[in-house]
Amino acid sequence: MGDVSDLLAGLRLGGPEELPEERLPPAAQVATPAPSGRSGQHKPERQPGLVIGDQHFADTNRAWQHIDAVKQRLLGRYIGPSHSDFRFLQGLLARHTKGPAKVSHPPVRQFTACSNVRGRGVEFHFVDSAGEEHDFSAKKCMDRRDEPLGSKLRRAMELAVGGQAEEFKRSAASKCALCSAAGPRLQVDRHNPPLLQMCSAFLAEHHGRPPVAFAKAPSGGAQFRPEDAAFGAAWQEYHRAHAQMRLLCEACEAKENARRGVKDKGAVVGSEFYPGSSGGRGRARGRGRGGGRGRGRG
């Protein structure tokens, strides 16, 4: 009966067949000390150093060991709520810096692990209730750090011109500009100049400082506040005048980003305007993508 139940669960989800339930011991679980020899008295319980989902860890190193083990178990496989790793991954995802907004169509129905398209290890993915698959960064979930202002500015600038990217995507031929591959996961790429170079050029030419505070977008990222509408409008006009866009498949996008020297997706812009703010990673390295909807990043 167990096999039949699992098969029916997979059909209800409408996605890949799930793995059957695996009963795995909680990794690095902090043990509760046994009672002392005195009647009715117990030694005080040790408090867990970290709780993620239904797992208790003595420290972050042991949590990372468990994360690595889960990645290997789920590589190329999809699991649903009946699997023993599902609650742990739910708890990990709940720690993401974007919070609940990371999942556009809750609840999460499945988790999996995939090789990173850029060739940098294994990453987790989730499938939401709309059947859309998105990746999420275990590092962001574990770090829970405040996002640097330069990173928020980059996100807000990308979001502000997202409508222009969508217009282009609807009007362009649905194939990769470099290899002619077709498919639903084509991404809008800016080139000559790449998007981040365009952002930096605009900031250098714009008279006035960029915003120092941002609103939270429905997607969970940063967006411009109403009081910064003039800055956003000036940037949109600049982008419309200078952006050269094309569609790329994920493989070609990864190759182009590698050629441009993009080593991290946490790039920042305008760091010179934010003294004392964390500089983030990968300062304005010429990343070409942005604005087009598709597979989730981070």
Side-chain angles (χ1 to χ4, degrees), residues 27 49-55 57 59-72 74-75 85-108 110-128 132-159 187 196 214-223 250 253-254 257 262-269 271 274 277-285 287 289-290 293-298:
L50 184 63
V51 179
I52 304 177
D54 58 354
Q55 301 288 330
F57 302 95
D59 52 49
T60 55
N61 287 335
R62 296 191 181 187
W64 274 113
Q65 291 172 7
H66 186 63
I67 289 171
D68 290 339
V70 173
K71 284 181 177 181
Q72 294 306 312
L74 302 190
L75 186 60
D85 286 324
F86 190 89
R87 289 183 62 187
F88 168 74
L89 291 173
Q90 271 189 320
L92 183 65
L93 180 58
R95 295 170 55 91
H96 197 278
T97 53
K98 290 185 178 179
K102 176 64 178 172
V103 183
S104 301
H105 305 287
V108 171
Q110 293 175 304
F111 286 103
T112 185
C114 306
S115 297
N116 186 281
V117 69
R118 293 171 175 81
R120 296 200 296 266
V122 178
E123 62 190 14
F124 287 124
H125 287 217
F126 66 85
V127 179
D128 62 22
E132 297 178 358
E133 183 171 326
H134 303 269
D135 66 8
F136 67 99
S137 168
K139 187 176 188 305
K140 287 184 179 180
C141 297
M142 291 294 291
D143 286 352
R144 275 186 161 178
R145 295 176 180 172
D146 291 335
E147 187 176 8
L149 287 174
S151 177
K152 291 183 178 181
L153 175 61
R154 171 184 61 82
R155 288 179 180 271
M157 293 181 78
E158 288 184 354
L159 183 62
Q187 309 292 345
L196 287 191
F214 300 88
K216 191 169 185 177
S219 61
Q223 68 180 11
E250 288 188 326
E253 181 197 29
N257 283 341
V262 177
K263 296 182 179 180
D264 202 308
K265 57 190 177 186
V268 302
V269 296
S271 56
Y274 305 122
S277 174
S278 173
R281 303 170 293 177
R283 181 174 176 233
R285 296 296 301 273
R287 183 176 182 231
R289 179 182 166 188
R293 287 187 60 190
R295 197 172 190 169
R297 294 291 175 201

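The chain is numbered in sequence order, starting from 1. Since the structure is predicted, the reported quantities are computational estimates derived from the model, not experimental observations.
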- Task: Could you tell me the separation between the CD atom of Gln90 and the CG atom of Asp54, rounded to the nearest 0.5 Å?
- Result: 9.5 Å
- Message: Quick check for you: to the nearest 0.5 Å, what is the distance between Thr112 atom OG1 and His125 atom NE2?
- Response: 7.5 Å
- Query: Any side-chain heavy atom of Ile52 within less than 4.5 Å of one from Met142?
  - Reply: yes
- Arg154 side, atom CZ; Met157 side, atom CE - distance, nearest 0.5 Å: 11.0 Å
- Query: Parallel, tilted or perpendicular for Phe126 and Phe111, by the 30°/60° rule?
  - Reply: perpendicular
- Task: Flag the pair Phe124 / Leu93 as yes when at least one side-chain heavy-atom distance between them is below 4.5 Å, and no otherwise.
- Result: no
- Item | 4.5 Å side-chain heavy-atom contact, Val268 and Leu153 | no
- Item | Shortest non-hydrogen contact between Phe57 and His66, atoms and distance | CE2-CB, 3.5 Å
- Query: Any idea which heavy atoms bring Asp135 and Lys102 closest together, and the distance?
  - Reply: O-NZ, 3.3 Å
- Leu75 vs Lys71 side-chain heavy atoms within contact, under 4.5 Å: no
- Heavy-atom closest contact (Phe136 atom, His96 atom, distance): CB-CD2, 4.3 Å
- Task: Calculate, to the nearest 0.5 Å, the distance between atoms CG and CD belonging to Asp85 and Gln55 respectively.
- Result: 8.0 Å
- Task: Quick one: closest heavy-atom pair of His134 and Asp128, and the distance?
- Result: NE2-OD2, 3.8 Å
- Where is the tightest heavy-atom contact between Phe214 and Ala222, given as atom of each residue plus distance? CB-CB, 4.0 Å
- Message: How long is the straight-line distance from CG of Leu92 back to NZ of Lys140, given to the nearest 0.5 Å?
- Response: 13.0 Å
- Message: Are Leu89 and Leu74 packed together at the side-chain level, in the sense that at least one heavy-atom pair is separated by less than 4.5 angstrom?
- Response: yes
